[in-house]
Amino acid sequence: MSKIEGKNYSSRHHSNSFKPFISPSPITSFNPVQRFPKIDKTAFISQFSSVIGGVTIKDNVYVAPNVSIRADEGTPFYIGSDTNIQDGVILHGLLNRMISVGRKEFSIFLGKQVTIAHGALVHGPCFIGDKVFVGFNAIVYDAIVGKGSFISYNAVVTNGVRIPPNRFIPPGANIDSQEKANALPRVPEDSREFARDVQSVNQELPASYHLLFGENRCSCGISYD
């Protein structure tokens with residue numbers, strides 16, 4: 001318990017007062033069957049965030065406040081283990097535009113240990129491989145991003161490009177052709193180290209927030225007394 005303006009304040013009560021919006025997709029002419037989120041019990045969905053429709057969120061994922069994960073048009077989405085999605089990020093996809101992963105198709109697929117930093121837009125169809133870093137206010141749309149790549153702040157990756165593994169997209173770059181994608185340098189060590197540090201911090205947050213806001217949570221991720 002702590003005090004704000006002379007009143008006792010309970011973080012657990014606060015959590016229950018401002019729940020994330022977790023919902024099936026609405027029934028529409030283009031998606032007539034409702035799809036429901038599947039959220040691992042170890043993942044944490046912050047207050048004021050939305051998870052809608054056919055979204056699979058695996059273990060130890062952290063979703064920060066004011067994130068919109070909206071699979072009501074393009075669907076489904078997949079978010080791999082230990083991924084962190086930071087404040088203000090938007091995930092949305094175009095209808096019937098898909099990425100094949102194995103024998104399945106996805107509107108958006110995020111691998112393991114991916115970082116999507118503050119304010120970024122990830123719009124399907126797209127695939128983002130394991131350990132990719134997507135920087136502040138970056139845009140990834142209609143693209144395949146190889147494992148270990150680093151997309152710097154304000155960069156744009158689009159137009160059906162395939163980014164090879166471990167490539168560095170400079171700040172503000174517009175990678176909209178395969179020629180540009182093939183010419184990208186490898187990730188420098190300082191950027192690789194920065195991405196590892198961000199991952200290390202964010203992998204601790206789901207368990208810590210669960211302790212702060214309550215241990216009892218339903219399969220949708222919402223806490224209860």
Side-chain angles (χ1 to χ4, degrees), residues 20 22 37-71 74-93 99 101-102 104 106-141 143-153 155 157 163 165-167 169 187 191-210 217 219-221:
I22 299 175
K38 298 178 181 178
I39 302 173
D40 188 270
K41 65 181 180 180
T42 63
F44 185 81
I45 313 300
S46 295
Q47 298 158 317
F48 310 111
S49 290
S50 299
V51 181
I52 299 169
V55 180
T56 296
I57 298 179
K58 301 300 284 186
D59 56 293
N60 205 49
V61 168
Y62 174 62
V63 177
N66 298 309
V67 169
S68 175
I69 303 174
R70 186 161 62 88
T75 186
F77 298 173
Y78 179 93
I79 300 172
S81 304
D82 296 315
T83 286
N84 68 92
I85 301 175
Q86 298 179 9
D87 312 67
V89 167
I90 296 172
L91 272 65
H92 193 247
I99 294 287
V101 183
K104 297 183 179 180
F106 297 88
S107 175
I108 293 175
F109 187 99
L110 307 183
K112 299 178 181 179
Q113 298 182 29
V114 173
T115 292
I116 311 294
H118 312 292
L121 168 62
V122 176
H123 205 287
C126 74
F127 172 93
I128 295 179
D130 297 347
K131 299 183 178 181
V132 167
F133 182 93
V134 179
F136 312 126
N137 296 314
I139 297 173
V140 183
Y141 162 59
I144 295 174
V145 182
K147 178 179 179 180
S149 291
F150 189 103
I151 301 173
S152 301
Y153 60 88
V157 180
I163 305 296
N166 301 304
R167 292 304 192 268
I169 293 87
V187 179
S191 295
R192 194 182 307 278
E193 183 176 351
F194 177 74
R196 284 196 298 262
D197 289 345
V198 172
Q199 267 295 318
S200 178
V201 168
N202 281 275
Q203 285 179 11
E204 289 193 32
L205 291 178
S208 296
Y209 272 112
H210 277 301
R217 312 186 82 80
S219 60
C220 67

Test ring pair (Phe, Tyr, Trp, His ring centres under 6.0 Å) applied to [X] - qualifying residues, sequence neighbours left out:
X	value
Phe77	none
His123	His92, Tyr141
Tyr153	none

Scan side-chain atoms only and decide if Gln199 and Thr115 contain a donor-acceptor pair under the 3.5 Å cut-off.
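A donor-acceptor contact under 3.5 Å links the two side chains.
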Does Ile85 form a side chain to side chain contact (heavy atoms under 4.5 Å, CB included) with Leu110? I'd like the steps, not just the answer.
CA-CA 10 Å; Ile85 301 175; Leu110 307 183; 4.2 Å; yes
Checking [X] now: which residues fulfil side-chain contact (heavy atoms from CB on, under 4.5 Å) with it, not counting sequence neighbours?
X	result
Lys58	Thr56, Tyr78, Ser81
Leu205	Tyr62, Asn202, Tyr209
Asn166	Arg186, Arg192
Asn137	Asn154

Going by salt bridge (charged side-chain N to carboxylate O under 4.0 Å, His left out), name the pairs with one or both residues in residues 194-203, residues two or more places apart or in two chains.
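Found Glu189-Arg196.
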Heavy atoms only: give me the nearest Ser149-Pro165 pair and the separation to one decimal.
OG-C, 3.9 Å
Closest non-hydrogen contact found for Ile108 with Val122 is CD1-O, 3.6 Å
Would Ile57 and Ile45 satisfy side chain to side chain contact (heavy atoms under 4.5 Å, CB included), going step by step from the backbone distance to the final call?
CA-CA 10 Å; Ile57 298 179; Ile45 313 300; 3.9 Å; yes
Could I get the full list of side-chain hydrogen bond (donor to acceptor under 3.5 Å, both in side chains) partners for [X], not counting sequence neighbours?
X	answer
Ser49	none
Thr42	Asp40
Asn60	Asp82

Can a donor-acceptor pair be found, under 3.5 Å and without considering hydrogens, that links the side chain of Ser46 to the backbone of Asn66?
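Looks like no, no N/O pair under 3.5 Å.
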Please examine the side chains of Ile99 and Phe109, heavy atoms only from C-beta on, and report whether any two atoms are closer than 4.5 Å.
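Result no, sub-4.5 Å side-chain heavy-atom pair not found.
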Side chain to side chain, Ser152 and Ile169, heavy atoms closer than 4.5 Å
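No - every pair of side-chain heavy atoms lies 4.5 Å or more apart.
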Side chain to side chain contact (heavy atoms under 4.5 Å, CB included), that's the test. Do Leu91 and Ile79 meet it? Break it down for me.
CA-CA 11 Å; Leu91 272 65; Ile79 300 172; 4.2 Å; yes
Checking Ile151 against Ile128 for the side chain to side chain contact (heavy atoms under 4.5 Å, CB included) test, could you report, in this order, the C-alpha distance in whole Å, the side-chain angles of both residues, the deciding distance, and whether it holds?
CA-CA 11 Å; Ile151 301 173; Ile128 295 179; 5.9 Å; no
How long is the gap from OG1 on Thr83 to CD on Gln113, to the nearest 0.5 Å?
8.0 Å
Taking salt bridge (Lys or Arg N to Asp or Glu O under 4.0 Å) as the test, write out the residues that go with Arg167, two or more places apart.
none
